[in-house]
Amino acid sequence: MRTFFTLLMAGVLASMPLTGTASAESNGPVPAGTAAFTKNPIYRTGELKTRTCEEPTIRGGDFDSVEIYVDTVAACLDRAWEAQLKKAGIAYGKPKVKAAYGSRIKTACGTYRPGDTFSLYCQKNSTVYLMVTDYGVTGEIDDPRMLESLAIGYGYHVQRLVGVLAQESRAAKKLSKAGALALNAKVSLQNICLAGAFIGSVWDSLGHTKVHGYDFIIDRHRVESSIPGNGTTKNRLHWQRRGFETRSPGACNTFTAPAARVA
């Protein structure tokens, strides 16, 4: 059984296996204070444009094909989010994206031993690291976790650019441990909703569609545990499906949602 867990120490916040973020302050033009949470201009940008996203074939056991896959899907993510942030009046800067394979992977935000394929967004150097295991090299064609992991890593980058992560960092300093975890859950649930919105906007162009319905990529998370700071399994399913079906960041405002939906 795969589970999510949260690590809060030495300035690092990681959510695994699919993704994580390591904290630093945001630089760009962003909403101030709590408006970054509740009145963010990204909520008024409408649906992500439906677009074609090429998904190269990953050849079993061939890490070079994984790197090609990552570069191609990352370019699609850049096009989608650059256009969306332009509508919000916020400048978009591309993150760096690095694919890494192995049992011990060094990043600018620490060293990780991936037990599954997942992404880490390191704010220190604006980099999405996709950490790939043996299964990821051989099984992605039937289990699109690389696609989802990249979408979630990019979701954190978008949250940084629009001011959500910086405001979380400021607000968490004034909260109890329980309060900080509750806030982190809202950020994490918004993130998976944004990832769902991107995936929904490109899903019909992907090879996975021919084999699996969207319920495959979403409902497979039913086996995962509910971990404080990530949201319950039920709520993660709710927000990812909500993003996928609406394709709109406006559906991802977890900061004004009922408390039961962001637990």
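Between the side chain of N191 and the backbone N or O of I152, at least one donor-acceptor pair lies under 3.5 Å. Formation of a donor-acceptor pair under 3.5 Å by the N235 side chain with backbone atoms of A260 is found in this model. Although no hydrogens or angles enter the test, the distance criterion places no donor-acceptor pair under 3.5 Å between the side chain of S188 and the main chain of N184. Between the side chain of K87 and the main chain of T45, a donor-acceptor pair closer than 3.5 Å is present. Panel note: side chain W81, backbone C76; no donor-acceptor pair is recorded below 3.5 Å. Panel note: side chain Y129, backbone A108; a donor-acceptor pair is recorded below 3.5 Å. Between the side chain of S119 and the main chain of S149, a donor-acceptor pair closer than 3.5 Å is present. Under a 3.5 Å cut-off, the side chain of T117 and the backbone N or O of M146 do not form any donor-acceptor pair.
Looking at heavy atoms from C-beta onward, L130 lies in side-chain contact with V132 at the 4.5 angstrom threshold. For the pair L147/W203, a side-chain contact is recorded, criterion being any heavy-atom separation below 4.5 Å from C-beta on. Looking only at side-chain heavy atoms (C-beta outward), P41 and P31 come within less than 4.5 Å of each other. Annotation: side chain of L77 is in contact with side chain of V73 (closest heavy-atom distance under 4.5 Å). Side-chain contact check for R242 versus H238: some heavy-atom pair is nearer than 4.5 Å. Contact annotation: the side chain of I42 approaches that of V158 to within less than 4.5 Å [non-hydrogen atoms, C-beta and beyond]. At least one side-chain heavy atom of N40 sits less than 4.5 Å from a side-chain heavy atom of V164. Contact annotation: the side chain of P249 approaches that of Q84 to within less than 4.5 Å [non-hydrogen atoms, C-beta and beyond].
The shortest heavy-atom contact between D62 and D64 is OD1-N, 3.0 Å. The shortest heavy-atom contact between A257 and W239 is CB-CZ2, 3.7 Å. Across all their heavy atoms, C53 and S205 have their closest contact at N-OG, 2.9 Å. Here the closest heavy-atom approach between residue E148 and residue I199 is recorded as CA-CD1, 4.1 Å. The shortest non-hydrogen separation linking G46 to S248 is O-OG, 3.5 Å.
Taking the six-membered ring for Trp and thresholds of 30 and 60 degrees, Y156 and Y121 have nearly parallel ring planes, at less than 30 degrees apart.
Rounding to the nearest 0.5 angstrom, the gap separating the CZ atom in R44 from the NZ atom in K39 is 10.0 Å. In this structure, OG1 in T246 is found 7.0 Å from CD in E47, a value given to the nearest 0.5 Å. To the nearest 0.5 Å, atom CD of residue E67 and atom OG1 of residue T72 are 11.5 Å apart. Rounded to the nearest 0.5 angstrom, R247 CZ and F198 CZ are separated by 12.5 Å. L175 CG to R170 CZ: the interatomic distance, rounded to the nearest 0.5 Å, is 13.0 Å.
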Scan the side chains in residues 92-101 for donor-acceptor partners under 3.5 Å anywhere in the protein, sequence neighbours excluded, and list what turns up.
from, atom 1, to, atom 2, distance (Å)
Y92, OH, D78, OD1, 2.7
K96, NZ, N125, O, 2.6
Y101, OH, D134, OD1, 2.1

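When hydrophobic clusters are built by joining Ile, Leu, Val, Met, Phe, Trp and Tyr residues whose side-chain heavy atoms come closer than 4.5 Å, directly or via intermediates, L120 is grouped together with I105. Placement of L48 and Y43 within a single hydrophobic cluster is found when ILVMFWY residues are connected by side-chain heavy-atom separations under 4.5 Å, directly or transitively. Placement of V128 and F63 within a single hydrophobic cluster is found when ILVMFWY residues are connected by side-chain heavy-atom separations under 4.5 Å, directly or transitively.
Residue pairs satisfying the disulfide (SG to SG under 2.5 Å) criterion with at least one member in residues 230-263, sequence neighbours excluded, are listed as follows: C193-C252.
Partners of K86 under the side-chain contact (heavy atoms from CB on, under 4.5 Å) rule, at least two apart in sequence or in another chain, do not exist in this structure.
Of the N and O atoms on the side chains of T254 and R261, not one donor lies less than 3.5 Å from an acceptor on the other residue. A donor and an acceptor atom, one from each side chain of R160 and S126, are located under 3.5 Å apart. Judged by distance alone, the side chains of T233 and S226 do bring a donor and an acceptor atom under 3.5 Å apart.
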Discussion item. Before you tell me yes or no, could you show the steps for T34 and F255 under side chain to side chain contact (heavy atoms under 4.5 Å, CB included), namely the whole-Å CA-CA distance, both residues' side-chain angles and the distance that decides it to 0.1 Å?
Written reply: CA-CA 9 Å; T34 57; F255 301 99; over 6 Å; no
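Of the candidates Q190, E168, Q167, Q190 is the only one forming a side chain to side chain donor-acceptor pair (under 3.5 Å) with Q159.
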